[in-house]
Amino acid sequence: MTLATPHAPGSEQWTDARLLYALEEVVEKELNRHLKVAKDWMPHEYVPWSDGRNFDGPLGGDPWRPEQSKVTDIGRTALVVNLLTEDNLPSYHHEIATLFGRDGAWGTWVHRWTAEEGRHGIVMRDYLLTSRAVDPVKLEEFRMAHMSEGFESDNRHSMLHSVAYVAFQELATRISHRNTGHQSGDPVCDRMLARIATDENLHMVFYRNLLRAAFELAPDRTMSAVRDVVVNFRMPGHGMPGFERAAAQMAIGGIYNLRIHHDDVLQPVLRHLKVMEIGGLGPEGLKAQEELGMYLDGLDGEARRLDERLAARRARIEARKAAAAS
């Protein structure tokens, strides 16, 4: 079935300013819906404070040692990446406040989103330090290096590209947190990350619904933005120290990889919006829709090859274990 979408008169007429104004009512509606379904929660309630004790330093506590950590090796890697990503919240706020504005429904959403995201960094850091899950010295060194670099969005040139990006990125963050919790080996960590993931899912729904409204207003331009974002997608933590190595470990460990990105992030948003079924597009939109489909097919092929390599790797590891046990 092809979904007919009213074709707006010339995508060149849809400036960022016009789109911001046209989407204001949708933002207000989605903000009100979000406030009704979002549940406030207290970060301190998810931290095992009774496990905490002083570290070495001015207070003369015990230095951190790897054996003190309750989480798995892949859990430690992913937790550091996830927290460092959350740490750049000041830069993220600057980016979206500059694009979306600080007034009206847009501004109210920007500040509400920032306040909710702030909880994530608070509870994750408190958990990691109290439970001694990771090396606190390296964590702080990484934080300083990462935040000192600042952050500039790949999509800062366009409000519409930014809306499209966060519709996918919020879901990607949710998936990364949930899989990290599952792989952490610590039920306390799993519960904390499940709570964070619930927030991220609500943020995704907000932006996804906003993206649907953008398709109704400016289908050609929105389709082009979605194509650009999907083809060039990068997680916001890509600039942190050692990100490539950590990302590779997370891919092998099943936290986040091409298969997960294709199946659990891109496809759910695209299917919900029926992006590949939208009709009534002009030449620009049709070209973008076709290129998006071709890219997704290619990405699925890459993910299939990665699946095969990971399966072969697991088989080799199991064979070595069996040989060592015999």
Side-chain angles (χ1 to χ4, degrees), residues 43 45-53 55 62-87 120-143 146 171-200 235 237-238 240-261 263-265 303 306-307 309-325:
E45 295 178 351
Y46 289 81
V47 179
W49 299 106
S50 60
D51 293 348
R53 61 187 189 277
F55 288 99
D62 300 323
W64 182 84
R65 297 186 304 276
E67 59 269 21
Q68 295 169 350
S69 177
K70 297 178 182 178
V71 301
T72 60
D73 290 344
I74 186 59
R76 284 199 294 273
T77 297
L79 281 163
V80 169
V81 169
N82 291 355
L83 176 56
L84 290 180
T85 300
E86 300 286 356
D87 275 335
H120 304 168
I122 290 169
V123 71
M124 289 179 67
R125 184 172 302 280
D126 286 348
Y127 164 79
L128 291 178
L129 297 180
T130 301
S131 68
R132 293 184 171 239
V134 301
D135 184 341
V137 174
K138 288 190 179 299
L139 182 65
E140 178 60 11
E141 290 173 347
F142 285 154
R143 187 191 70 85
H146 186 39
L171 182 53
T173 303
R174 171 188 179 269
I175 295 296
S176 180
H177 282 314
R178 285 306 289 125
N179 288 344
T180 299
H182 293 330
Q183 302 273 11
S184 69
D186 181 8
V188 175
C189 179
D190 192 23
R191 186 184 308 117
M192 172 195 66
L193 291 177
R195 178 57 260 186
I196 293 174
T198 299
D199 282 359
E200 303 290 8
M235 290 293 275
H238 59 80
M240 69 181 59
F243 178 77
E244 288 77 11
R245 183 169 183 270
Q249 292 171 336
M250 291 168 68
I252 293 171
I255 303 289
Y256 200 93
N257 55 40
L258 283 180
R259 174 54 62 203
I260 293 170
H261 182 62
D263 291 359
D264 300 336
V265 176
L306 174 64
D307 291 342
R309 290 197 297 271
L310 291 178
R313 182 179 183 275
R314 287 191 294 270
R316 290 194 298 271
I317 291 173
E318 291 300 320
R320 284 198 293 267
K321 287 181 180 178

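Hydrogens, waters and symmetry mates play no part in the numbers below; they use all other heavy atoms, side chains included.
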Taking all heavy atoms of [X] and all of [Y], pick out the closest pair and write down the distance.
X    : Y    : answer
L129 : P136 : CD2-CB, 3.7 Å
A133 : V71  : O-CG2, 3.9 Å
L310 : A251 : CD1-O, 4.0 Å
A197 : R174 : O-CG, 3.5 Å
V81  : M240 : O-CE, 3.5 Å
V188 : P48  : CG1-CD, 4.0 Å

* Hey, what do you get for CD1 (I255) to NE2 (H177), rounding to the nearest 0.5 Å? -> 11.5 Å
* To do: Hey, could you give me the CG/CG distance between N179 and L193, rounded to the nearest 0.5 Å?
  => 10.5 Å
* **Any residue meeting ring-ring contact (aromatic ring centres under 6.0 Å, His included) with Y46, in chain and number order, not counting sequence neighbours** => W41
* Results of ring-ring contact (aromatic ring centres under 6.0 Å, His included) for H261 - residues two or more places apart only -> F233, Y256
* Asked: Of the options Q183, R195, R178, which is the one that meets D190 in a side-chain hydrogen bond (donor to acceptor under 3.5 Å, both in side chains)?
  -> R178
What I'd like to find out is whether the side chain of [X] reaches to under 4.5 Å of the side chain of [Y], using heavy atoms alone.
X    : Y    : value
I74  : I252 : no
P63  : F55  : no
E200 : L171 : no
T85  : T173 : no

* Between the side chain of W64 and the main-chain N/O of V134, is any donor-acceptor distance below 3.5 Å? -> yes
* Donor-acceptor pair, side chain of S184 and main chain of G181, under 3.5 angstrom -> yes
List for me each residue that meets side chain to side chain donor-acceptor pair (under 3.5 Å) alongside [X], sequence neighbours excluded, and say none if there are none.
X    : value
D264 : none
Q68  : R132
K138 : none

* Evaluate the criterion salt bridge (charged side-chain N to carboxylate O under 4.0 Å, His left out) for residue pair D51 and K70; output intermediate values, then yes/no. => CA-CA 11 Å; D51 293 348; K70 297 178 182 178; 3.1 Å; yes
* Verdict with reasoning, D307 to L258, per side chain to side chain contact (heavy atoms under 4.5 Å, CB included) -> CA-CA 9 Å; D307 291 342; L258 283 180; over 6 Å; no
* **Short side-chain donor-acceptor distance under 3.5 Å, E141 and H146** => no
Show which side-chain atoms of residues 121-128 pair as donor or acceptor with protein atoms under 3.5 Å away, not counting sequence neighbours.
unit_1, atom_1, unit_2, atom_2, d
R125, NH2, D87, OD1, 2.9
R125, NH2, D87, OD2, 2.6
Y127, OH, D186, OD2, 2.5

